[in-house]
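Only one structure is covered here, and it is reproduced in the block below.
In what follows, every chain begins at residue 1, and chains take the letters A, B, ... in the order their sequences are listed.
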Amino acid sequence: MKTKMNLTKSTKSTLITVGIVVVAYIVMQILGGAGMLSSLMKGLLVPLCIYAIMAVSLNLTVGILGELSLGHAGFMCVGAFVSAFFSLYFKETMAAGPRFIIAIILGGVVAALSGLLIGIPVLRLRGDYLAIVTLAFGEIIKNIINVMYVGRDEQGIHFSMKDAYSMNLSSEGQILINGAQGITGTPNDSNFTVAAILLVLTLIIVLNLVNSRPGRAIMAIRDNRIAAESVGINITKFKLLAFSISAGLAGIAGVLYAHNLSILQAQPKNFGYNMSIMILVYVVLGGMGNIRGSLIASVILVLLPELMRQLNDYRMLIYSIVLIVMMIFNWSPKAKEFREKYSIKRLLGKKTEKGEA
Amino acid sequence: MTLLDVRNLGISFGGLRAVDNFEIQIKKGQLYGLIGPNGAGKTTVFNLLTGVYKPSDGKITLDGKNITGAATIDINKAGIARTFQNIRLFKDLSVLDNVKVGLHNQYSYSTITGILRLPKYFKVEKEMNEKAMELLKVFDLDKEADFLASNLPYGKQRKLEIARALATNPKLLLLDEPAAGMNPNETSELMDTIRFVRDNFDMTILLIEHDMKLVSGICEELTVLNFGQVLAKGKTAEVLNDPQVIKAYLGE
Ligand SMILES: Nc1ncnc2c1ncn2[C@@H]1O[C@H](COP(=O)(O)OP(=O)(O)OP(=O)(O)O)[C@@H](O)[C@H]1O
Ligand SMILES: [Mg+2]
């Protein structure tokens, strides 16, 4: 009986988290249909999903695996550019539906592979090397893209690291990646529905992973590496698994991002370390290892500054106050006690909880 | 039949010869004690046996297989599981999940199966839950299955470590001061549990302990370490009456 209960408990919690997104999606659709959404709000729907995917996936590395990553935006950047390049390349020759599906898979897989590539040397080491290396990775990838020129004409693909002229494109030629000017003309395949579906998929992937055999191994490594090794857990394997899934999901956020804009550029403000740190702030405020927390924190913290635009000068003040309040709510022992007593009991309909002693 | 055969084992930390020319032979099914004053090198021996440290000399054979210098996880797979003197639980996992991590190599399904929640996931998880609960029952921890490991009282944390080690289905169980921090009641309960484990799991157990009541109560043979070297070994009663051993424990 008890064992049965445990299964349903994690499943129930997953359903609640996914339910939050589904309900929010339906509410937004109804409001939109009734013409009650401002254009500002409409424009925020896809970015909200993007940031939520970023926060949830970063939490897999930071909260579940327990490794610090400061370059999560770098994987988003990889996913964005790989998929935008693909979609632009096949813009005229493929139907939008299959093209976007392939773009999503491609962006996710290439980002996951780049995570694996970084992880293989770094995650073998003990200590906080991942933070340094991911920070560098995020900056390097951005700079590489900014000097990359790719074009095509009747003769095929042309490539240069110098400038667009050096590609020697014919007059018929088309520039696909134009250095710092980035990629122009990516089909606008992203929309709120696809974004919401990908957010739900991200949540299901991460939550199901956490509540399964590999997920337990990952958290065991986080809690005590030596003990995990002593019960036969392959440390490197599960670290790499968690980190590359995390990177792959960030890549998918990047795909959404790239297909939501007509011009894609790698700039400090979208793919730089500021962005990585901001996502990290969402994760920390939502609670390390708390997936639903990441979802809620990212939505609140993306919406807040936008909704307060008319308050101008007070905007950042209120934002900071909210940050502080969320921090207190999440981390003070009293607040934790309060939440365990009331919210979990209410949600699961159970009297005794694990918070005792 | 000899399960563990250790010859001429040694390691140095800088200038310190922490373990020197150590040897031990343990037969299948034995309850064996490793004792000695503080800093004698007992925990270091465990760390050498489990691959946490690589020995600078010597040979370790488990069930006829040479495991000298092997990696910790391979040594666990070969059949050695352990507990730690300073408790090392997965503190943010539930009591049940701690044991299920121990079952990791006993049961298997792919990551994809887990993420997609294929039927095999439910089947294997159910088996793991049942097996884990069965182990928790042995240690009287089944009622606390849903607690976070860090919320258990100290004595129960020690027991949970033993349950987790047993979950890996070892041939040899190493217990590093299992009674440390327990009151006399808990200790005598623990003695019963250790005997029960040996008898019902066909286990061979090597334990480090300072509590002489526990040692004389359950260990059949002892090895005494002093300054990294074997001072005495043999039947428990004889070793404990050895004047050299008494001297090592009482005087400097
Ligand atoms: N990693 C290490 N580096 C340096 N010295 C070490 C290391 N591990 C153990 N030592 C030293 O080796 C000696 C033996 O330590 P060990 O922990 O094995 O003793 P012990 O017999 O388990 O003692 P206790 O009964 O106090 O647990 C000590 O002097 C200790 O300081
Ligand atoms: Mg010790």
Side-chain angles (χ1 to χ4, degrees), chain A residues 1-11 14 63-64 66 201-202 204-238 240-242 244-245 288-290 340 344 348 350 352-357, chain B residues 50-52 71-77 80-84 87-98 100-105 107-111 113-117 121-122 124-126 128-130 132-133 142-153 161 164-165 167-168:
Chain A
M1 208 213 105
K2 198 147 210 165
T3 55
K4 185 89 195 265
M5 211 177 65
N6 248 295
L7 271 187
T8 50
K9 195 163 143 190
S10 74
T11 314
T14 302
I64 305 296
L201 283 180
T202 300
I204 290 177
I205 288 173
V206 173
L207 288 169
N208 281 358
L209 176 71
V210 168
N211 294 305
S212 71
R213 175 176 170 271
R216 282 190 299 268
I218 292 164
M219 291 185 288
I221 294 168
R222 169 197 68 191
D223 282 358
N224 203 308
R225 190 186 53 79
I226 292 176
E229 242 173 336
S230 84
V231 294
I233 305 267
N234 186 335
I235 307 289
T236 310
K237 175 180 159 187
F238 286 101
L240 283 176
L241 179 73
S244 41
I245 290 178
M288 298 269 219
N290 182 348
E340 263 168 25
I344 296 181
L348 300 180
K350 246 183 88 198
T352 48
E353 266 310 318
K354 47 187 164 190
E356 49 204 67
Chain B
T50 53
V52 174
T72 302
I73 84 163
D74 294 323
I75 288 177
N76 178 257
K77 285 177 182 167
I80 300 184
R82 70 175 293 185
T83 66
F84 297 87
I87 301 176
R88 289 177 174 277
L89 286 171
F90 308 126
K91 59 180 175 27
D92 288 333
L93 298 188
S94 72
V95 168
L96 185 73
D97 279 350
N98 266 270
K100 283 169 83 177
V101 173
L103 291 171
H104 186 86
N105 289 325
Y107 297 83
S108 173
Y109 55 79
S110 68
T111 303
T113 303
I115 288 176
L116 297 181
R117 290 286 191 263
Y121 164 85
F122 293 100
V124 176
E125 282 290 317
K126 184 163 174 279
M128 289 179 95
N129 281 333
E130 284 165 5
M133 287 307 289
D142 47 324
K143 282 170 221 70
E144 288 95 339
D146 283 341
F147 281 38
L148 283 190
S150 52
N151 286 343
L152 285 180
E161 267 212 333
R164 180 183 69 190
T168 67

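Looking at every heavy atom in both residues, S230(A) comes nearest to N76(B) through O-ND2, 2.9 Å. Closest approach of Y121(B) and N211(A) over heavy atoms only: OH-O, 2.9 Å. For the pair S212(A) and G114(B), the tightest heavy-atom approach, listed with the atom from each and the gap, is CB-CA, 4.2 Å. Of all non-hydrogen atoms in R164(B) and A227(A), the two that sit nearest each other are NH2-CB, 3.6 Å.
Highest contact tally toward chain A, considering only K91(B), R82(B), E161(B), R88(B), is held by R88(B) [criterion: heavy-atom pairs under 4.5 Å]. For chain A, the option among A132(B), P153(B), S108(B), S110(B) with the highest count of heavy-atom pairs below 4.5 Å is S108(B). Between chain B and the residues R216(A), E229(A), M219(A), R222(A), the most heavy-atom pairs under 4.5 angstrom are made by R216(A).
Residue N234(A) holds its CG atom at 6.5 Å from NZ of K77(B), rounded to the nearest 0.5 Å. From T168(B), atom OG1 reaches atom CD1 of I233(A) across 10.5 Å, with rounding to the nearest 0.5 Å. Atom-to-atom distance recorded for I87(B):CD1 and N224(A):CG is 11.5 Å, nearest 0.5 angstrom. The structure places CD1 of I235(A) at 8.0 Å from CD1 of I73(B), a figure rounded to the nearest 0.5 Å. The OG1 atom of T111(B) sits 12.0 Å away from the CD1 atom of I205(A) when rounded to the nearest 0.5 Å. Between the CE atom in M288(A) and the CG atom in D92(B) there is a gap of 11.5 Å [rounded to 0.5 Å].
Within the 4.5 angstrom heavy-atom criterion, atoms from both the backbone and the side chain of Y109(B) approach chain A. Only the side chain of L241(A) comes within contact range of chain B, with heavy atoms under 4.5 Å apart. When heavy atoms are compared at a cutoff of 4.5 Å, L89(B) approaches chain A solely by way of its backbone atoms N, CA, C and O.
Residues H104(B) and V231(A) are not in side-chain contact: their nearest non-hydrogen atoms beyond the backbone lie 4.5 Å or more apart.
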